[in-house]
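Note sheet for the following structure.
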Amino acid sequence: MADDDYVYDEASGEWISAAQAAANTSAADAVEVRDAVGNLLADGDQVTLIKDLVVKGAGQTLKRGTLIRSIRLTGDPQEIDCRYDGIKGLVLRAEFVRKR
């Protein structure tokens, strides 16, 4: 859409520019993911585990204090996707990590 296009916003009952409508929908789709102490997490952040976690299927335990680098948000407010040596497809709950 061009910048001079206008769309009807049913929430406000007004005509708004297409650029503003796109910004509103992207802001509404954003999911806030917070760690155990309430810090906002973003893609690429580093987190530290606050509890020993047994990894199902990998046969190993991640110890408290383990640093996990470059996390990715999944769209679920409680899950983060990450990589760790020897474990593919590791998904952690946000309640067990703290932002570094």
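All values below come from the heavy atoms of this structure, side chains included, with hydrogens, waters and symmetry mates left out.
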Problem - Over 12 non-hydrogen atoms of neighbours within 6.0 angstrom of CZ in R69 - result: no
Handout entry: Heavy atoms from other residues, nucleotides or ligands near CZ of R34 exceed 12 (cutoff 6.0 Å)
Key = yes
Practice task
Carefully, step by step, assess L40 and E32 under the rule side chain to side chain contact (heavy atoms under 4.5 Å, CB included).
Solution key: CA-CA 7 Å; L40 190 62; E32 282 190 355; 3.9 Å; yes
Would you indicate whether the side-chain heavy atoms of [Y] and [X] approach each other to under 4.5 Å?
X   : Y   : result
V55 : L62 : yes
E14 : D9  : no
V97 : I80 : yes
Q78 : R93 : yes

Same cluster (ILVMFWY, side-chain, under 4.5 Å), [X] and [Y]:
X   : Y   : answer
V31 : L92 : yes
V47 : V54 : no
F96 : V91 : no
I87 : L53 : yes
L49 : I71 : yes

Exercise for the section: Indicate yes or no: does D35 engage K99 in a salt bridge with an N to O separation below 4.0 Å. Expected result: no
Could you pull out the closest heavy-atom pair between [X] and [Y], with the gap in Å?
X    : Y   : value
P77  : A94 : O-CB, 4.4 Å
R100 : L67 : CD-CD1, 3.2 Å
I50  : E95 : CD1-O, 3.5 Å

If only atom types and distance count, is the side chain of [X] paired as donor or acceptor with the main-chain N or O of [Y] below 3.5 Å?
X   : Y   : value
T48 : G65 : no
D5  : A18 : no
T61 : K63 : no
D43 : L73 : yes

Exercise for the section: Please lay out, stage by stage, how Y6 and W15 fare under the test ring pair (Phe, Tyr, Trp, His ring centres under 6.0 Å). Expected result: CA-CA 6 Å; Y6 286 87; W15 289 91; 8.0 Å; no
Nearest-0.5 Å distance that lies between atom [atom1] in [X] and atom [atom2] in [Y]:
X   : Y   : atom1 : atom2 : answer
C82 : R72 : SG    : CZ    : 7.5 Å
N39 : D45 : CG    : CG    : 9.5 Å
K51 : R98 : NZ    : CZ    : 15.5 Å

